[in-house]
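Here is the structure we will look at.
Residue numbering restarts at 1 for every chain, and letters A, B, ... go by the order of the sequence lines.
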Amino acid sequence: KRIQTLNTRDLTKSLKQGGCGECQTSCSQKCENV
Amino acid sequence: MIHQYKLNGFNIVIDTCSGSIHNVDDLAYDIIDLYKKKNEDEIMHIMLKKYKNDSSVTKQEIQDCITDIRELERQNKLYSSDIYENYAFDFKKRQTNIKALCLHIAHTCNLNCEYCFASQGKYNGERALMSYEIGKKALDFLIKNSGSHYNLEVDFFGGEPLMNFEVVKKLVKYARSREKLYNKNFRFTLTTNGLLINDDVIDFSNREMSNVVLSLDGRKQVHDNLRKTIDGKGSYDIIVPKFKKLVEKRKNKNYYIRGTFTHNNVDFVNDILHMADLGFTELSMEPVVCSPTEPYALTKDDVEIVKEQYEKLAKIMLERNKNGNGFTFYHFMLDLEHGPCIYKRIAGCGSGTEYLAVTPWGDLYPCHQFVGEEKFKLGNVNDGITNKEIAEKFKLCNAYARPKCKDCWAKLYCSGGCSANAYHATGDITGIYEYGCELFKKRIECAIMMKVAESIK
């Protein structure tokens, strides 16, 4: 196909969901709540 | 906002605000580029002219491609608008809880690495070991200020934390004794140069540490050049057998080998491959961050070489994965379907808000890279956060803190970048460390290219 779209998390959807904050802190990710 | 690039034979389009990623052919790539700049008739004319020798590109094909692009736009997967900015500025009002501490268990070190940002573990101060009492207060402070967070993280950091190993063990035992009582789950990390690893350390780490970070710069001559013992000898021959033993016994638990590359080894892919040849499979290699006057500092001319190295690494990794002898590279590990939500992408690392560093004396700093910078002291484990002004500033360190980043395609990947790097490069925690940006963007391009390649296997 001329355009192949990969499966990705929809960020706008995650906006409505709210962040739970249980992911690891980050620094120099896996969300278990998708 | 979209970002288009070509890499390793792929034409890739990233839609910044939705997180969508598209792998497209040449015609679609060109039309996507023109779609917002020209009208349909103009696009048709330009494409027919450009592809006049390609029999597969007909008027109908071009029209169909434009229709597909319009549909993706309608689905919010191309040219999606930025609806997050107002949320970013609400961050100052939100109540944040602390969920991670970096315990500076030892402000002393048994190595004398030339590039160490912690000045041989002392952070420009006195040598010191954290006492059990201070560590215990820090853990109590974390539990008390963690709100409803279940997962709490504690890094044992230094200096060299194994120089205070007995206190590490006691603090882990204390934290475990609090878990059930407060409904918390502690995840510990140990960062070590490896010199003091023995069977006791291995057994304890593999039982209690969620992750172990092992410092190795790659090839022996590269490693020994800057990572020397106090009496000036290289440390490679001492630590590699210890790392191998620890990793072998660790089985499937997390670890990674973390190296630093400098101007002396801009061909750092060879160091990563050396780590892989030693049998390590979880690898990381970071560009040195230091004063530009240091002889090992990366130079402007190094930027393009380093970017080429990242591309070379991505291609080698794809090949090795295919051949069954793959390894992971920290900065190429993307999870497209289960990656972080938009809140995490805006907020970034949480330094100064969700994550704090604790010195051996119990002083609190926004992160380990600010320790020793007196004006960034936030408070201490007895009184909590007392420097509200600095705390408020860090609340606004996010993907939208820098006007210059407004139109950057990578802002929701880097979350505005590292405040410490920005401060050390520009004197402002909301400044821009442009050198780091360049490299970060290249790493993300490579990581996404690998995902595209894997998706069409």
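- For a residue to count as touching a neighbouring chain, one of its non-hydrogen atoms must lie under 4.5 Å from one of that chain's; by this rule B:Ser351 does not touch chain A.
- When B:Gly19, B:Gly436, B:Pro287, B:Ser20 are compared by the number of non-hydrogen pairs under 4.5 Å with chain A, B:Gly19 comes out ahead.
- Neither the backbone nor the side chain of B:Leu152 comes within less than 4.5 Å of any heavy atom in chain A.
- Within the 4.5 angstrom heavy-atom criterion, atoms from both the backbone and the side chain of B:Glu337 approach chain A.
- Closest approach of B:Leu412 and A:Leu11 over heavy atoms only: CD1-CD1, 4.4 Å.
- Counting only distance, with no hydrogens or angles, the side chain of B:Lys99 and the backbone of A:Gly21 share a donor-acceptor pair below 3.5 Å.
- When the candidates B:Ser18, B:Ala28, B:Ser80, B:Ala420 are compared by the number of heavy-atom contacts under 4.5 Å with chain A, B:Ser18 comes out ahead.
- Closest approach of B:Lys344 to A:Cys23, counting heavy atoms only: CD-SG, 3.7 Å.
- For the atom pair B:Leu334 CG and A:Thr8 OG1, the distance stands at 11.5 Å (nearest 0.5 Å).
- Between the CG atom in B:Asn185 and the CD atom in A:Glu22 there is a gap of 9.0 Å [rounded to 0.5 Å].
- Residue B:Asn11 does not touch chain A at all, counting heavy-atom pairs closer than 4.5 Å.
- The CG atom of A:Asn7 lies 9.0 Å from the CG atom of B:Leu336; values are rounded to the nearest 0.5 Å.
- When B:Ile69, B:Leu27, B:Asp155 are compared by the number of non-hydrogen pairs under 4.5 Å with chain A, B:Leu27 comes out ahead.
- Only the backbone of B:Thr16 comes within contact range of chain A, with heavy atoms under 4.5 Å apart.
- Between the B:Lys77 side chain and the A:Asp10 main chain, no donor and acceptor come within less than 3.5 Å of each other.
- Residues satisfying the ring-ring contact (aromatic ring centres under 6.0 Å, His included) criterion with B:Tyr35, sequence neighbours excluded, are B:Tyr79.
- Distance check: A:Ser14 OG to B:Arg345 CZ gives 8.0 Å after rounding to the nearest 0.5 Å.
- Annotation: the span from A:Thr12 atom OG1 to B:Ile83 atom CD1 amounts to 6.0 Å, rounded to 0.5 Å.
- Scanning both residues, B:Cys65 and A:Arg2, for their nearest heavy atoms gives SG-CD, 4.2 Å.
- Listed here is the closest heavy atom pair of A:Cys31 and B:Gly339: CB-O, 3.4 Å.
- Contact of the B:Cys341 side chain with the A:Arg9 side chain is registered, since non-hydrogen atoms from C-beta on lie closer than 4.5 Å.
- With rounding to the nearest 0.5 angstrom, the SG atom of B:Cys17 is 11.0 Å from the CG atom of A:Leu15.
- Neither the backbone nor the side chain of B:His331 comes within contact range of chain A; no heavy atom of the residue lies under 4.5 Å from a heavy atom of that chain.
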